[in-house]
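Below, all heavy atoms of this structure are taken into account, side chains as well, without hydrogens, waters or symmetry copies. Here the structure is a predicted model, which is why all the values come from computation and not from measurement.
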Amino acid sequence: MKTMLNVALPKGRLGEKVYDMFERAGFPCPSIHENNRKLIFENEAAGVRYFWVKPSDVAIYVERGAADIGVAGKDILLEYAPDVYELLDLDIGKCRMAVAAPRDFRDNPQKTLKVATKFTNIAQTYYSSKGRDIDIIHLNGSIEIAPILGLSDVIVDIVETGTTLRENNLEVFETIVPISARLIANKSSFMFKSVQIEKLVREIGGAR
Ligand code: PRP
């Protein structure tokens, strides 16, 4: 029986692009285009099985070996530091992690800075490196509202086009790190399925 490569794809627009890259790299699975709500698709002849998972969960599937490889944003890798190999920067899903605040915000270094974010580890590491005292407020979404309502002074969040910030009268104060989608692999799969994984890395890496 053929060894199957199990791939966790981030559900959504980025995932569609990633699938196209994998297809071009020799891992097609045409049934994935069926218009249904299935989450698992496989092509035994091509030796590949795809799972659609929540983008922020991809690294969990890969770390625990439920998927051999997957594609996750650098934001998730920095925030949760999963024990996986990062094989390739796919150069898609590009955005940045940034500090944003209302236009009239002026930082007062004498005061503890209130920071609202989904990415508490990234924010904590960033401000510790600057020796800045902060009070972290962990939110799960709609982060942009926090400084408007006085819940926080600034936010640490993902900025892609900048539209969300603009429409909420916020602007970028500092860029923390550029973000893009990365190909990741489970550490033991990387050894046991090295033939398929290396082929994929070669094909995708070479095509860019
Ligand atoms: C992110 C981020 C911003 C938005 C920025 O949210 O939290 O709200 O994208 O994009 P823009 O600069 O192009 O406006 P995302 O859509 O990833 O979903 P989320 O609210 O679940 O974080």
Exercise. Find out if a path of hydrophobic residues (ILVMFWY) with successive side-chain heavy-atom gaps under 4.5 Å connects V201 to I204.
Key: yes
Quiz item: Do the ring planes of Y61 and F51 sit parallel (below 30°), tilted (30 to 60°) or perpendicular (above 60°)?
Solution: tilted
Quiz item: Is it the case that one hydrophobic cluster holds both Y85 and V7, taking links as side-chain heavy atoms less than 4.5 Å apart, direct or via other members?
Solution: yes
Quiz item: Should E171 and L165 count as side-chain neighbours, where that means a heavy-atom distance under 4.5 Å?
Solution: no
Quiz item: Step by step, would you call D89 with S180 a side chain to side chain donor-acceptor pair (under 3.5 Å)?
Solution: CA-CA 7 Å; D89 182 346; S180 58; 2.8 Å; yes
Exercise. Just do the salt bridge (charged side-chain N to carboxylate O under 4.0 Å, His left out) check on D107 and R132 with the steps written out, would you?
Key: CA-CA 11 Å; D107 191 6; R132 183 75 166 91; 2.6 Å; yes
Exercise. Flag yes if I92 and L88 sit in one hydrophobic cluster, no otherwise; membership is Ile, Leu, Val, Met, Phe, Trp, Tyr, and two members link when side-chain heavy atoms are under 4.5 Å apart.
Key: yes
Exercise. State, yes or no, whether a side-chain contact exists between D157 and V159 at a heavy-atom distance under 4.5 Å.
Key: no
Exercise. Answer yes or no: is there an ion pair linking E86 with K74, defined by an N-O contact shorter than 4.0 Å?
Key: yes
Quiz prompt | Within 6.0 angstrom of E174 CD, more than 12 heavy atoms from elsewhere | solution = yes
Quiz item: Taking C-beta and beyond as the side chain, do Y126 and I134 meet within less than 4.5 Å on heavy atoms?
Solution: no
Quiz item: Under 6.0 Å from the CZ atom of F105, do we count more than 12 heavy atoms belonging to anything else shown?
Solution: yes
Quiz item: Would you find more than 12 non-hydrogen atoms of other residues, nucleotides or ligands less than 6.0 Å from F192 atom CZ?
Solution: no
Exercise. Before giving the answer on side chain to side chain donor-acceptor pair (under 3.5 Å), spell out for N108 and Q110 the whole-Å C-alpha distance, their side-chain angles and the decisive distance to 0.1 Å.
Key: CA-CA 5 Å; N108 176 356; Q110 314 303 326; 4.8 Å; no
Quiz item: Does any non-hydrogen side-chain atom of I145 lie less than 4.5 Å from one of N168?
Solution: no
Practice problem: State, with a plain yes or no, whether a side-chain heavy atom of V58 is found less than 4.5 Å away from one of V71. | Solution: no
Self-check item: Single-linkage hydrophobic cluster L14~L183, side-chain heavy atoms < 4.5 angstrom
Solution: yes
Exercise. Quick one: list whatever passes side chain to side chain donor-acceptor pair (under 3.5 Å) with E23, sequence neighbours left out.
Key: Y19
Quiz prompt | Side-chain heavy-atom pair N186, K193 within 4.5 angstrom cut-off | solution = no
